[in-house]
2 protein chains.
Amino acid sequence: MAPRSTQILEAAARLIARRGVRGLRVEELAAEAGVSTGLIYYHFKDRTGILRQTLEFINDRAERYTTGGAEDAEPLAPREELEAVLLLELQDTPVVRENSSAWGELRASAVFDEVLRDDLARATLVWVQEVAALLGQVRPTAPAPALAAAGERLTALLEGLSMRWLSGGLRIDRARDLMRGAIDAELALLREK
Amino acid sequence: MAPRSTQILEAAARLIARRGVRGLRVEELAAEAGVSTGLIYYHFKDRTGILRQTLEFINDRAERYTTGGAEDAEPLAPREELEAVLLLELQDTPVVRENSSAWGELRASAVFDEVLRDDLARATLVWVQEVAALLGQVRPTAPAPALAAAGERLTALLEGLSMRWLSGGLRIDRARDLMRGAIDAELALLREK
DNA sequence: GTCTATAATGTGATAGAC
DNA sequence: GTCTATCACATTATAGAC
């Protein structure tokens with residue numbers, strides 16, 4: 001992608017995280033990106049185009065920091081890796097907060113805006129399957145449907161906890177503890193099967 | 001509360017469920033409620049006032065259909081009652097859809113709007129404690145902190161599943177199955193303690 | 001590709017009659 | 001308490017120069 005587009009999308013992610021999808025103003029985005037409004041419409045057609053491509057951009061970036069960084073460190077044990085992946089999204093750092101916040105906003109918008117639904121569903125599926133695969137490494141004898149269900153629950157829970165965290169109703173440490181507990185609970189259930 | 005206010009709040013809940021908080025237009029609300037815009041500002045001061053009181057209204061209503069209806073039916077076993085309470089919010093009926101949708105929207109808005117945070121936190125706490133109490137009836141020997149954590153997770157999961165359901169990424173039957181599975185998982189974990 | 005206007009419309013909020 | 005009329009401004013989007 002052209003550097004200018006990327007620059008605008010970075011600004012959009014930043015702004016959505018700060019003001020929300022509903023609070024995103026094209027003029028403000030232009031200022032944040034250091035370009036004119038005209039240029040934004042040149043690159044993205046309309047406001048919806050901005051949102052769509054920002055969602056895509058955020059997904060790519062999350063994938064990068066999910067997968068990335070695994071090369072230098074020693075490989076983790078399955079259980080530890082599972083926990084690491086799920087706790088990755090529950091960190092109070094600028095980038096993660098930005099991604100989580102924007103993701104939550106886009107998810108919430110999708111309730112009323114069909115445009116984003118497909119992208120969202122696709123990204124969610126990939127994520128669920130990744131978690132299910134990791135669960136399978138911890139519980140090799142567990143049946144696939146049970147793993148899929150657990151993956152779906154853990155990721156949905158993560159979204160729920162993330163939202164409470166971002167809306168100020170839950171401290172990040174508490175959110176992380178709860179997430180760890182959920183992993184314990186799911187693994188306890190999978191052991192019984 | 002005056003009947004007129006209630007009438008407007010009902011319309012607001014309906015409209016927020018249909019268009020979202022970000023899509024709520026005062027003029028449209030007036031039309032939906034069958035009153036003038038002036039009257040709305042007379043009763044609610046400003047747009048934020050509408051949102052706050054609608055949140056309150058929704059909470060009250062949810063409490064009513066959560067607690068209500070328990071008189072006529074025979075008392076359920078603890079496990080069944082727990083399941084019933086949690087599945088209550090995962091039904092594809094107009095009222096529940098409306099409540100869940102509006103609740104999710106208000107939660108999402110709170111990420112960027114502090115005004116709603118306190119009300120939201122208070123309502124969440126009540127809900128978490130209710131679920132924790134029910135869990136305690138199923139697992140009388142479980143320690144209180146473990147029950148509280150499980151309650152927090154189950155309610156957060158419900159919000160996450162609800163969002164996916166409403167945004168079209170999850171069928172309601174599947175969501176209900178996943179919720180039941182989560183209850184199993186939490187109860188399995190509590191048994192170990 | 002990028003910018004500077006500016007058109008066109010949407011939207012919250014208020015004044016004042018009844 | 002309720003309505004009508006309207007202001008003031010915010011916001012998306014486009015036209016046309018460079």
Side-chain angles (χ1 to χ4, degrees), chain A residues 1-57 101-102 105-106 108-116, chain B residues 1-57 102 105-106 108-116 119:
Chain A
M1 190 176 302
R4 260 293 188 280
S5 299
T6 307
Q7 176 183 339
I8 295 171
L9 290 176
E10 279 167 357
R14 218 153 46 225
L15 230 41
I16 289 178
R18 200 185 311 150
R19 297 239 192 280
V21 165
R22 87 206 71 203
L24 181 70
R25 303 283 164 254
V26 179
E27 197 178 350
E28 198 179 0
L29 173 57
E32 177 81 18
V35 301
S36 66
T37 67
L39 188 61
I40 289 178
Y41 283 99
Y42 172 79
H43 279 296
F44 300 99
K45 180 169 159 35
D46 58 15
R47 196 174 176 281
T48 299
I50 301 170
L51 295 181
R52 284 168 83 157
Q53 296 215 35
T54 305
L55 172 57
E56 201 179 317
F57 174 79
S101 180
E105 263 292 281
L106 291 164
S109 320
V111 175
F112 310 99
D113 185 356
E114 306 196 2
V115 183
L116 302 169
Chain B
M1 191 177 302
R4 259 294 188 277
S5 298
T6 306
Q7 176 183 339
I8 295 171
L9 290 177
E10 279 166 358
R14 218 153 45 225
L15 229 43
I16 289 178
R18 200 185 310 150
R19 298 238 192 282
V21 164
R22 84 206 72 208
L24 181 71
R25 303 285 163 253
V26 180
E27 197 179 350
E28 199 180 357
L29 173 58
E32 177 81 17
V35 300
S36 66
T37 67
L39 188 60
I40 290 178
Y41 283 98
Y42 172 79
H43 279 296
F44 300 101
K45 179 168 160 38
D46 57 16
R47 195 173 177 281
T48 299
I50 301 169
L51 294 181
R52 284 168 83 157
Q53 297 216 35
T54 304
L55 172 58
E56 200 180 316
F57 174 78
E105 262 293 281
L106 290 164
S109 323
V111 175
F112 309 101
D113 185 358
E114 306 196 3
V115 183
L116 301 170
D119 288 330

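A, B, ... follow the sequence lines: proteins, then strands. Residue 1 opens every chain.
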Discussion item. Can you list everything that forms a salt bridge (charged side-chain N to carboxylate O under 4.0 Å, His left out) with B/Glu27? Sequence neighbours excluded, please.
Written reply: none
Response to the item:
Numerically ordered, the residues 16-26 of chain B set in heavy-atom contact under 4.0 Å with DNA chain C is B/Leu24, B/Arg25, B/Val26
Discussion item. Donor-acceptor check, side chain of B/Gln7 to backbone of B/Ala33, threshold 3.5 angstrom: yes or no?
Written reply: yes
Worksheet item: side chain to side chain contact (heavy atoms under 4.5 Å, CB included) with B/Ser36: which residues, sequence neighbours excluded?
Response: B/Leu39
Worksheet, complete the sentence: Taken to the nearest whole Å, CG/B/Asp46 to C1'/C/dG12 is 9 Å
Worksheet item: What residues, two or more places apart in sequence or in another chain, satisfy side-chain hydrogen bond (donor to acceptor under 3.5 Å, both in side chains) together with B/Thr54?
Response: none
Worksheet entry | Pairs meeting criterion salt bridge (Lys or Arg N to Asp or Glu O under 4.0 Å) with involvement of residues 35-44 of chain A, two or more places apart | none
Item to complete: Find the distance A/Phe44:CZ to D/dA13:P and express it as a whole number of Å.
Response: 14 Å
Discussion item. If I take atom CD1 in residue B/Ile40 and atom P in nucleotide C/dT14, what distance separates them, rounded to the nearest angstrom?
Written reply: 14 Å
Worksheet entry | Residues in salt bridge (charged side-chain N to carboxylate O under 4.0 Å, His left out) contact with A/Arg14, at least two apart in sequence or another chain | A/Glu32
Worksheet item: Quick one: B/Glu27 CD to D/dA5 P, roughly how many Å, whole number?
Response: 13 Å
Discussion item. Checking B/Arg19 now: which residues fulfil salt bridge (charged side-chain N to carboxylate O under 4.0 Å, His left out) with it, not counting sequence neighbours?
Written reply: B/Glu28
Fill in: Counterpart residues, salt bridge (charged side-chain N to carboxylate O under 4.0 Å, His left out), relative to B/Arg25 (two or more places apart)
none
Item to complete: Ignoring backbone atoms, establish whether B/Tyr41 has a side-chain N or O less than 4.0 Å from OP1 or OP2 of C/dA13.
Response: yes
Tabulate atom names and distances for all N/O pairs under 3.5 angstrom spanning the protein and nucleotides 2-4 of chain C.
from, atom 1, to, atom 2, distance (Å)
C/dT2, OP2, A/His43, NE2, 3.2
C/dC3, OP2, A/Ser36, N, 3.0
C/dC3, OP2, A/Ser36, OG, 3.0

Discussion item. Using whole Å, what does the distance between atom C1' of nucleotide C/dA13 and atom CZ of B/Arg47 come to?
Written reply: 12 Å
